[in-house]
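What follows is a short report on a single structure.
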Amino acid sequence: MDDRLFRTAMGKFATGVTVITTKVGEAVHGMTANAFMSVSLNPKLVLISIGEKANMNRLIKESGTFAVSVLNERQQDMSAYFAGQIKEERKISFDTFNDMPVIPDALVNLTCDVHQSMIAGDHTLYIGEVTDLRVQDGEPLGFFEGKYKKVI
Ligand code: FAD
């Protein structure tokens, strides 16, 4: 099967956009991800999928914790930045929530401890047990066919 066809097919699944964050000591790292899903209500588990070559993969292994910020419709620039698509280095003002760095003004900030991880091909799946979360109103940033989309 052709890689491009596979990517095109997967891109037909519309998603929101998140920034995953973690910290090792005082060093904070962020990365854009749309491979995020809810897994279980009891216990409260979520799943993310991180590419084997991503710096985030090594850092989550080390920290054993991560946070997820669900971006709002005005945070496209934040998504592009944490996907490495904007080359200039920026000073980001993270919020601190439950002792973890998170993106301010996101629709959701949640913090997790790694509950389980599994290598799946060229990605690692991290299942996180949610340790705290907070929610605010707003419209989501959507992603479909490799482009940002307004949802509804
Ligand atoms: P890096 O390339 O090391 O960092 C990303 C950028 O963030 C760099 O510019 C870096 O300087 C900056 N940065 C990081 N931390 C800080 C900080 N503390 N202060 C200031 N700047 C900082 N990849 C996946 O593996 N899984 C996915 O689910 C996924 N979904 C994606 C969804 C979308 C919509 C997009 C656009 C990309 C997605 N990617 C995904 C790709 C992924 O975001 C990039 O490949 C990313 O660059 C790889 O992460 P990294 O940890 O190596 O980040």
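When a ligand or atom number is given, it counts from 1 through the structure's own listing order.
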Starting from [atom], locate the nearest protein heavy atom and write down its residue, its atom name and how far away it is, to 0.1 Å.
| atom | result |
| --- | --- |
| atom 15 (N) of ligand 1 | G30 N, 3.1 Å |
| atom 7 (O) of ligand 1 | F82 CD2, 3.5 Å |
| atom 44 (C) of ligand 1 | A83 O, 3.7 Å |

Looking only at non-hydrogen atoms, which of [options] approaches [atom] most closely?
| atom | options | answer |
| --- | --- | --- |
| atom 1 (P) of ligand 1 | H29, M31, M56 | H29 |
| atom 50 (P) of ligand 1 | N55, L141, I50, I20 | N55 |
| atom 26 (N) of ligand 1 | G51, S49, S79, G146 | S49 |
| atom 40 (C) of ligand 1 | T32, I48, V28 | T32 |
| atom 32 (C) of ligand 1 | T22, T21, N34, L59 | N34 |

Taking [X] first and then [Y], would you say they form a salt bridge - that is, a charged N and a carboxylate O separated by under 4.0 Å?
| X | Y | value |
| --- | --- | --- |
| D95 | R134 | yes |
| K44 | E129 | no |
| D105 | R74 | no |

Quiz prompt | Contact with ligand 1 for F94, non-hydrogen, under 4.0 angstrom | solution = yes

Quiz item: Does some non-hydrogen atom of Q85 fall short of 4.0 Å from ligand 1?
Solution: yes

Show the atoms of ligand 1 that are less than 4.0 angstrom away from any heavy atom in [X].
| X | result |
| --- | --- |
| Y81 | 6 (C), 7 (O), 9 (O), 11 (O), 12 (C), 20 (C), 21 (N), 22 (C) |
| I92 | 20 (C) |
| F143 | 34 (C) |

Quiz prompt | Worked verdict on Y81 versus T32 for side chain to side chain contact (heavy atoms under 4.5 Å, CB included) | solution = CA-CA 8 Å; Y81 179 70; T32 301; over 6 Å; no

Exercise. Could you please spell out the steps behind the side chain to side chain donor-acceptor pair (under 3.5 Å) verdict for T111 and D132?
Key: CA-CA 6 Å; T111 58; D132 205 353; 5.7 Å; no

Quiz question: by atom type and distance under 3.5 Å, do the side chains of [X] and [Y] form a donor-acceptor pair?
| X | Y | value |
| --- | --- | --- |
| N98 | T131 | yes |
| T124 | S117 | no |
| D113 | T65 | no |

Exercise. Using distance alone, decide if ligand 1 has a nitrogen or oxygen within less than 3.5 Å of any nitrogen or oxygen in A35.
Key: yes

Quiz item: So which bit of E89 gets within less than 4.0 Å of ligand 1, heavy atoms only: side chain, backbone, both or neither?
Solution: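 Answer for E89: side chain.
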
Practice problem: Dump the intermediate steps for salt bridge (Lys or Arg N to Asp or Glu O under 4.0 Å) on D77 and R90, then the final yes or no. | Solution: CA-CA 12 Å; D77 186 61; R90 294 182 180 175; 2.6 Å; yes

Quiz item: Does atom CD of E26 have more than 12 heavy-atom neighbours, drawn from other residues, nucleotides or ligands, at distances under 6.0 Å?
Solution: no

Quiz item: Would atom 18 (N) of ligand 1 count as contacted, meaning some protein heavy atom under 4.0 Å?
Solution: yes

